[in-house]
Amino acid sequence: MITFFQIILATFILIGGFIKIFRVPFQVEHWQNYRYPLWFMSIIGLIELIGSIGMFSGIWNEYLVLGSGTLFIFLMIGAIHAHMFRAHQSIVTVIPATICLVLSTLLIFSNLEVFS
């Protein structure tokens with residue numbers, strides 16, 4: 001079941017990363033509402049791609065789940081902040097980021113035995 005969550009989370013973040021890197025028009029519009037420069041969108045997209053690869057690879061190496069999960073937590077906190085405080089959007093807009101935040105936390109805690 002945990003592997004299923006890894007794949008779902010990694011796929012969702014991977015799609016978001018590609019959307020940012022390729023500057024899909026709706027994402028550019030959102031980014032302008034957040035008042036961040038567009039070059040930052042490309043950087044975040046690249047970081048999301050790297051994290052997704054790490055999360056997919058975490059199926060075979062649990063350390064990568066911990067690293068990618070931690071990265072995703074920081075990214076999702078930033079996404080929630082951008083939606084709520086920079087763009088002043090409704091609470092509904094943070095639902096995907098909140099789900100990713102919860103999944104990342106769940107995956108980290110499910111892999112803590114790596115350190116024991």
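Because only heavy atoms are used, hydrogens play no part in the values below, and waters and symmetry mates are left out as well, while side chains stay in. Bear in mind the structure is a predicted one, so any value in this text is a computation, not a measurement.
Checked against side chain to side chain contact (heavy atoms under 4.5 Å, CB included), W39 has the following partners two or more places apart in sequence or in another chain: P37, I43. When the side chain to side chain contact (heavy atoms under 4.5 Å, CB included) test is applied to R23, the partners found at least two apart in sequence or on another chain are V28, L38, M41, S42. Listed by chain and residue number, H81 satisfy the side chain to side chain contact (heavy atoms under 4.5 Å, CB included) test with F85 (two or more places apart in sequence, or in another chain). Not counting sequence neighbours, the partners of F40 by the ring pair (Phe, Tyr, Trp, His ring centres under 6.0 Å) test are Y36. Residues forming a ring pair (Phe, Tyr, Trp, His ring centres under 6.0 Å) with F109 (at least two apart in sequence, or on another chain): none.
Rounding to the nearest 0.5 angstrom, the gap separating the OH atom in Y34 from the NE2 atom in H83 is 3.5 Å. To the nearest 0.5 Å, the span separating CG on L106 from CG on N111 amounts to 9.5 Å.
Residues G51 and L71 share a closest heavy-atom pair of CA-CD2, 3.8 Å. Listed here is the closest heavy atom pair of T93 and S90: OG1-O, 2.7 Å. When all heavy atoms of L66 and T70 are compared, the pair lying nearest together is O-OG1, 2.7 Å.
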With side-chain contact (heavy atoms from CB on, under 4.5 Å) as the test, would you mind laying out the steps for T98 and I95 before giving the verdict? CA-CA 5 Å; T98 303; I95 291 173; 5.6 Å; no
Evaluate the side-chain contact (heavy atoms from CB on, under 4.5 Å) criterion for residues I108 and V65: first the C-alpha distance (whole Å), next the side-chain angles of each, then the deciding distance (0.1 Å), finally the verdict. CA-CA 7 Å; I108 287 171; V65 173; 5.6 Å; no
Evaluate side-chain contact (heavy atoms from CB on, under 4.5 Å) for I91 paired with M84, printing each intermediate quantity in order. CA-CA 7 Å; I91 193 95; M84 298 297 298; 4.0 Å; yes
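F56 and I47 end up in different hydrophobic clusters when Ile, Leu, Val, Met, Phe, Trp and Tyr side chains are linked at under 4.5 Å.
Proximity of F72 to S52: side-chain heavy atoms (C-beta onward) are separated by under 4.5 Å at one or more points. A 4.5 Å side-chain heavy-atom check between Q89 and H30 finds at least one atom pair inside the cut-off. By the 4.5 Å heavy-atom criterion applied to side chains, I44 and W31 are counted as neighbours.
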Review item, side-chain donor-acceptor pairs of residues 6-21, under 3.5 Å, at least two apart:
residue: Q6; atom: NE2; partner: M55; partner atom: O; Å: 3.1
residue: T11; atom: OG1; partner: I7; partner atom: O; Å: 2.7
residue: K20; atom: NZ; partner: E48; partner atom: OE1; Å: 3.2
residue: K20; atom: NZ; partner: E48; partner atom: OE2; Å: 3.3

